[in-house]
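Down below is the structure, laid out as structure tokens.
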Amino acid sequence: MTREERQAYVHRLVDAAPALSPADSDTLRRLVPLQSRLAGPAGAARQQTSRRSAAA
């Protein structure tokens, strides 16, 4: 399975999953603090974009 196929498969799984309840969302936010979520590869890209916007 190629990287693109794997990503497409994961996206299909995530898109098909039911939405989290508010209580489940709160629990997840407590378990994975915002700073940890921003430290991942996608978060790093968002942080760089924010810094560029602020510097402009």
Side-chain angles (χ1 to χ4, degrees):
M1 183 181 281
T2 66
R3 182 174 189 262
E4 291 78 18
E5 290 171 332
R6 196 174 323 118
Q7 284 181 331
Y9 176 70
V10 170
H11 281 283
R12 282 194 303 273
L13 287 176
V14 170
D15 290 343
L20 291 175
S21 70
D24 288 340
S25 295
D26 290 340
T27 300
L28 188 59
R29 285 186 191 104
R30 279 193 303 275
L31 291 173
V32 184
L34 180 59
Q35 192 61 29
S36 297
R37 288 180 273 158
L38 291 176
R46 278 194 298 269
Q47 285 179 335
Q48 288 175 355
T49 302
S50 299
R51 286 187 195 129
R52 276 191 231 123
S53 299

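In this text, all values refer to a predicted model and were calculated from it rather than measured experimentally.
With respect to the salt-bridge test (charged N to carboxylate O, under 4.0 angstrom), the residues D15 and R12 do not qualify.
Under 3.5 Å, the side chains of T27 and D24 contain no donor-acceptor pair of N or O atoms.
Residue L31 is grouped with residue L20 when hydrophobic side chains (ILVMFWY) are merged at heavy-atom distances under 4.5 angstrom, including chains of intermediate members.
The nearest pair of heavy atoms linking R6 to M1 is NH2-O, 3.4 Å.
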